[in-house]
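Here the structure is laid out as structure tokens; the discussion comes afterwards.
Quick note on labels: first sequence line is chain A, next is B, and so on, each numbered from 1.
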Number of protein chains: 2
Amino acid sequence: MEFTDKQIHILETAEKLFADKGFEGTSVREIAKETNMNLAAISYHFGSKEKLMEAIFNYRINNTWFAVKSLVSGKGISPVKKIELLIDSVIDKISEKECFHRIMVRQQILAKDDLVSRLITESRVRNIQLLNEIVQEGQDQKLFKKKVDTPLLIITMIGTIYQMMNTQDFYRQANKLESLEDAAFQVHIRRVLKIHLKTLFKTILTNEA
Amino acid sequence: MEFTDKQIHILETAEKLFADKGFEGTSVREIAKETNMNLAAISYHFGSKEKLMEAIFNYRINNTWFAVKSLVSGKGISPVKKIELLIDSVIDKISEKECFHRIMVRQQILAKDDLVSRLITESRVRNIQLLNEIVQEGQDQKLFKKKVDTPLLIITMIGTIYQMMNTQDFYRQANKLESLEDAAFQVHIRRVLKIHLKTLFKTILTNEA
DNA sequence: AAAAATAATTCAAACGTTTGTTTTAATTCA
DNA sequence: TGAATTAAAACAAACGTTTGAATTATTTTT
């Protein structure tokens, strides 16, 4: 799936608009205006609004996990360390593509069965397999509990990250962090989330507590 | 805010449609057809589609926390027990109003500042205050850690519940629970979530681990 | 290297639908 | 009778998409 510079410009502009106003809430005319292109250009380059959405998913959802996978399947790294690397990586990846993930959250709630929904499911399966590998390794080394609900673990991880992403203004206010610069606050959130999730995972995976 | 039976019928029908297809993805004509009412009836009873959405929020978002509040502010109950009661209650309340919460999740992601957004924020403030009370009590009794990020705790709680709600088919498949009846699976999810979140909260709040 | 031919892209305009809402008359209920 | 509700029809505006001519880029031919 290759895209030209112009197409990528449309993709990323549409991504921002879809994230802010929703798919149905964004008109093709808005996308055209925001990209300084003609209305017909979107149909010309992508065929339809629906296909543009699919293109965004093809553009974003690939290659997300390959870097993590190589990190994680490396020998000589303890399962605990691998979990930590995974958490760091997931948080960074999601933060980098915040708009896309906002779209994905909204999309996964809808009762649809289209290409986009299938792409989301495939992505989830990959995540499960990845975490399962690490958990299995930890169990083999008697470091982790025997019974671990891996899907539930992922649900807490992704759910916490997404909820933070979607309510970050509220978190900022509740913790009186309004004085922080935007960028500094983003860094702060990531750090807090990473520490938090690592603690949680250790509790669930090891036999402590 | 009082509603007639007919209005409630419209509210609940629209709620289901908004949850399944999104606000912009649902037409007023669809709501009319689904309720077996005339198109103009929606405008007549609520004024506009936007106001109908606001009415759904007014209908649902109230009274959600009053029952919890009375449970929680009771004397003679340990802070740990109160946390458990809170978790049980939140999970049950959200499960009861799944459609509404699906709408709320989608709504809170949008970059809007309307009445609905303000209602969501107010609801969050109430939740924080409630949990803060319990945490404070636990800290006074030297049961909980001194430093607790209450907002982060709520984010994990709500985030986990929402993520489970939105990906429950996936969870079911990943844990090979397809043989369970729908109702039994719902019960299963709730039980698992309750145990899971209680464990997490105890870890974060107490000085273990 | 210049010219001609072909392909790719941009543009304004218009297409037919669907949208949320309003109107006006008919009907129901108190 | 008079107010509340329902019904069918119409409204203008916005929607996604298509059209066909104009323009630009690329390739082919001379």
Side-chain angles (χ1 to χ4, degrees), chain A residues 1-59 103 106-107 110-117, chain B residues 1-59 103 106-107 110-117:
Chain A
M1 202 74 62
E2 294 296 319
F3 296 109
T4 65
D5 287 356
K6 203 158 290 182
Q7 285 173 328
I8 289 176
H9 182 221
I10 298 175
L11 284 177
E12 296 184 344
T13 307
E15 184 184 47
K16 177 86 175 78
L17 287 169
F18 288 163
D20 283 347
K21 323 179 66 177
F23 177 73
E24 278 90 1
T26 306
S27 70
V28 180
R29 283 170 175 82
E30 261 180 297
I31 301 170
K33 181 175 256 180
E34 203 67 29
T35 52
N36 291 314
M37 301 187 82
N38 189 271
L39 171 62
I42 279 86
S43 286
Y44 176 77
H45 284 291
F46 296 97
S48 71
K49 191 187 176 187
E50 197 79 33
K51 293 231 180 79
L52 169 60
M53 179 67 131
E54 293 176 3
I56 291 176
F57 271 77
N58 280 315
Y59 175 60
I103 295 175
R106 300 185 96 252
Q107 203 64 26
L110 296 180
K112 271 195 177 186
D113 182 33
D114 51 4
L115 175 63
V116 164
S117 305
Chain B
M1 202 72 63
E2 294 296 318
F3 297 109
T4 66
D5 289 354
K6 204 159 288 180
Q7 285 172 329
I8 289 177
H9 181 221
I10 298 175
L11 284 178
E12 296 185 343
T13 307
E15 184 184 47
K16 177 83 173 80
L17 287 169
F18 288 163
D20 283 348
K21 324 179 64 177
F23 177 73
E24 279 89 1
T26 306
S27 71
V28 181
R29 282 171 178 81
E30 261 178 298
I31 301 170
K33 180 173 259 181
E34 203 69 27
T35 51
N36 292 314
M37 300 188 81
N38 190 269
L39 171 62
I42 280 87
S43 286
Y44 176 76
H45 284 290
F46 296 98
S48 71
K49 190 187 175 187
E50 197 80 34
K51 293 231 180 78
L52 170 59
M53 179 67 131
E54 294 174 4
I56 290 176
F57 272 77
N58 279 316
Y59 175 59
I103 296 175
R106 302 184 94 253
Q107 204 64 26
L110 298 180
K112 273 196 175 185
D113 182 33
D114 51 6
L115 175 63
V116 164
S117 306

Separation of [X] atom [atom1] from [N] atom [atom2], in whole Å?
X	N	atom1	atom2	value
B:I31	C:dT21	CD1	P	10 Å
B:L17	C:dT19	CG	P	13 Å
B:F46	D:dT5	CZ	C1'	14 Å
B:K21	C:dT19	NZ	C1'	14 Å
A:D5	C:dT9	CG	C1'	15 Å
B:E24	D:dA14	CD	P	15 Å
A:N36	C:dA12	CG	P	12 Å
A:K33	D:dA14	NZ	P	11 Å

Could you check whether [X] gets within reach of a base, just the sugar-phosphate, or nothing at all, counting any heavy atom under 4.0 Å?
X	answer
A:A41	nothing
B:S43	base
B:L39	base
B:T26	sugar-phosphate

Strictly by Watson-Crick or wobble contacts shorter than 3.5 Å, is anything paired with C:dA30, and which nucleotide is it? D:dT1
Looking at B:E34 and B:K16, is there a salt bridge between them, counting it only when a charged N and a carboxylate O are closer than 4.0 Å? no
Salt-bridged, A:E24 to B:K21, with N to O below 4.0 Å?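 Result for this pair is no, no salt bridge flagged.
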Using only side-chain N and O atoms of [X], determine if any of them is under 4.0 Å from OP1 or OP2 of [N].
X	N	value
A:K49	D:dC15	no
A:N38	C:dA12	yes
B:S48	C:dT21	yes
B:H45	D:dT6	yes

So, does B:E12 use its side chain to make a donor-acceptor pair with the main chain of B:H9 at under 3.5 Å? no
Donor-acceptor pair, A:K49 side chain versus A:F23 backbone, under 3.5 Å?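 Pair found, side chain donor or acceptor close to backbone of A:F23.
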Taking the nucleotide of DNA chain C with the nearest heavy atom to each, does A:Y44 or A:R29 sit closer to the 5' end?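 Its nearest nucleotide being more 5', the pick is A:Y44.
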Return whichever of A:E50 or B:T4 has its heavy-atom-nearest nucleotide of DNA chain D closer to the 5' end.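 First, find each residue's nearest nucleotide; the 5'-ward one identifies B:T4.
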What are the two closest non-hydrogen atoms of A:Q7 and A:F46, and how far apart are they?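 So the two residues come closest at O-CZ, 3.6 Å.
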